[in-house]
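Letters A, B, ... are given to chains in the order of the sequence lines, protein chains preceding strands, and every chain is numbered from 1.
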Amino acid sequence: MTEWKRSHKCGDLNKEDKGSNVVLVGWAARVRDHGGVVFISLRDRWGVTQVVVNPDNKDYNTAKSLHMESVIGVKGRVALRPEGQINKNMKTGEIEVIADEIVVLNPADPLPLMIAEESDASEELRLTYRYLDLRRPQMQKNIILRHKAAQIVRRFFDDNEFLEIETPYLMKSTPEGARDYLVPSRNHPGKFYALPQSPQTYKQILMIASFDRYFQIVRCFRDEDLRADRQPEFTQIDVEMSFIDENDIIDVVERLMQRLFKEAINKDLKIPFPRIDYNTAMEQYGSDAPDIRFDLKLDDLSDLVRGSDFGIFKSTIEAGGAVKGIYVPEMEGISRKNTDEITEFVSKYGAKGVITIQKREGEIVSPVKKYVGQELLQQIWNSFEAKESGVVFIIAAGKQVCNVSLGALRKKIAKDLDLIPQNEFALTWVVDFPLFEYDEDEGRFVAMHHPFTSPKLEDIDKLGSEPEKVMARAYDLVLNGTEIAGGSIRNYRSDVQEKLFEALGMDEETIKYKFGFLVEALKYGAPPHGGIAFGFDRLIAIMAGEDSIRNVIPFPKTTSAYSLMDGAPSEVDENQLKELGIMAAKQE
RNA sequence: GGGGUCGUAGUUCAACCUGGUUAGAGCACCGGCCUGUCACGCCGGAAGUUGCGGGUUCGAGCCCCGUCGACCCCGCCA
């Protein structure tokens, strides 16, 4: 093997190397057999180099019979390509290696999927043969970007006196929030560890331990259903600081983002990022993660239609709901079929339907014209400062449903009509969140962020009396309509923390059992502190221009949480279960 | 838990809507030709449990039911 130690990597050589004797190793990406001369595109992580094998070569037949993706070694001499044969699309396109000797280090069987820039293989196959999928240049690029980003993040925090400190993966289960992944304890049959949903409590404890500035690039686990942007295990950039307020965190994060985007993908970000309060985000964008790259803002028509006899408007207003709309100037018009599609789309979010208004030859056109009346429709049209064309979409529903469904429609239309500027990175802070939201199923208030978030100081008195009015010292960072980070200033006084737990419906005993250690720790000199955590996978996916975080995670799970390559999860030996004191319930 | 799209050769797709002789094509694979290609080209060949199970029918890749899997979405994700 040592004689096949490479002298260069496949992306190294250029015309300066003319005449050098080289040894290259890599994968035979393509073999082009011309009957006489044979060309091999030799690929490794760093690039592709063309190898030329002439008929007088002793290994000529080896070259002719190469299978795609076999691992080979080549000894040869660097030569300039003949006139007119330069490949401008290749970094090494000016040269080629004239082979003296070729050896197959490991032949490859026919492949279950092609190694191509644009994979046309199904995701199922890509995940089953992930090692082949990961050879694709696109995937290599994503994984390399991920590495780069992680290093930049580490350098940034190190430069700013943050300490990278590890926290346990085996921790206490706290059933607040997401479902825990449980790990049985062999030493204590019937007892379980949980894998962390995030290192939240540990990083707070580290602040109490006076480390002052902490960060960690850390795996987190949540046993919930999957999505394009949600995996059961995912990576956070976790950050916590002491003796700071919201603006200190925001400042650190803005400088981090600026440096990350510059150094990783050479994009200049303007700081500070704009801030929008939660309420405005919901009212204007119908989302707590507003995509500000395009307009189409939601307009409240409730006051305008208040006097209307039109049943849908009337009943909605009377029930305390909202009538809101968006105006899409770019839309030529809308057919019955499109309206049906949109109705179906918004119904997923609980809206009963959508009302359209458009103008045709100067005439207001709407399916509800005869019920609503020309005059009101015209007023609505005018309220949008609508031109002679375009379409207005109106949804009447309870406030939350109205905002969320119209917000979703806003995004869908922008996407369908291609109104979203590509290759643009729009970061915005969402601030002024409520501390609690009411959970209908549980019949109690739950923490909107998490139960360690500090209320705004002026709202502490309302914790017991009017929890719905308490605002949180929390902040989210949104990139192109996706939440990529969220954090808060924490409760550092045990009395406030206990009051908050009580507002969440926990009695003293429950508090002590679940979070007693934290409440106690707060009593021994806990500094004011706060922090933030990034969804690293989401951040990298957006930077890489990928729609799914699966494309920036080397070994992701499928939508049903399978690992197709290794077949996890799987059944285990009866003996393993016995040792753990576990019995699997029989499946129906 | 619910809704939607999809499942045909190693692979990507066609045939399905409107059931009917032998399920086609590109790439990969095998054989042949070709000395400047870079997604090389040309000629030929082999390759199929139409995801699985059931039903309807004289007859099912196609229609119906169930099931499994992939993907998207709602719920869920402090």
Taking C-beta and beyond as the side chain, do A:Ser488 and A:His450 meet within less than 4.5 Å on heavy atoms? yes

Write down the partner of [N] under the Watson-Crick or G-U wobble criteria, each distance required to be under 3.5 Å.
N     : result
B:A15 : none
B:G69 : B:C6
B:G44 : B:C30
B:G75 : none
B:A39 : none
B:U21 : none

Rounded to whole angstrom, note down the [atom1] distance from [N] over to [M].
N     : M     : atom1 : answer
B:G24 : B:A9  : C1'   : 11 Å
B:C64 : B:U21 : C1'   : 26 Å
B:C13 : B:G75 : C1'   : 35 Å
B:C16 : B:C6  : C1'   : 14 Å
B:G3  : B:C62 : P     : 23 Å
B:G26 : B:C71 : C1'   : 24 Å
B:U57 : B:G69 : C1'   : 29 Å
B:A39 : B:A28 : P     : 13 Å

Test of understanding: with ring-ring contact (aromatic ring centres under 6.0 Å, His included), list the residues that count as partners of [X], not counting sequence neighbours.
X        : value
A:Phe534 : none
A:Tyr169 : A:Phe221
A:Phe39  : A:His34
A:Phe215 : A:Phe157

Just checking, A:Arg135 and A:Tyr129: is the charged tip under 6.0 Å from the six-membered ring centre and within 45° of the axis? no

For nucleotides 37-47 of chain B, 5' to 3', base contacts (B), sugar-phosphate-only contacts (S) and non-contacts (-) with protein non-hydrogen atoms under 4.0 Å give BBSB-------

Classify every nucleotide of nucleotides 71-78 of chain B by which part a protein heavy atom approaches to under 4.0 Å, writing B for the base, S for the sugar-phosphate alone and - for neither, in 5'-to-3' order. SSSBBBBB

Just how far, in rounded Å, is P of B:C6 from CZ of A:Arg126? 21 Å

Contacts under 3.5 Å, N or O only, protein and nucleotides 10-13 of chain B:
| residue | atom | partner | partner atom | Å |
| --- | --- | --- | --- | --- |
| B:U12 | OP1 | A:Ser122 | N | 3.0 |
| B:U12 | OP1 | A:Ser122 | OG | 3.4 |

For A:Glu571, enumerate each residue passing the salt bridge (Lys or Arg N to Asp or Glu O under 4.0 Å) test, keeping only those at least two apart in sequence or located in another chain. none

Can you name the salt bridge (Lys or Arg N to Asp or Glu O under 4.0 Å) partners of A:Asp416, sequence neighbours left out? A:Lys412

Salt bridge (Lys or Arg N to Asp or Glu O under 4.0 Å): which pairs involve residues 440-454 of chain A, sequence neighbours left out? A:Glu176-A:Arg444, A:Glu442-A:Arg444

Taking side chain to side chain donor-acceptor pair (under 3.5 Å) as the cut-off, I'd like each qualifying pair that reaches into residues 78-102 of chain A, sequence neighbours left out, listed once. A:Gln50-A:Glu96

Taking only side-chain nitrogens and oxygens of A:Tyr562, does any of them come within less than 4.0 Å of OP1 or OP2 of B:G69? yes

Can you pull the ring-ring contact (aromatic ring centres under 6.0 Å, His included) pairs that have at least one residue in residues 482-514 of chain A, sequence neighbours excluded? A:Phe501-A:Phe515

Determine whether a donor-acceptor pair (N or O, by modelled atom type, separation under 3.5 Å) exists between the side chain of A:Asn491 and the backbone of A:Gln497. no

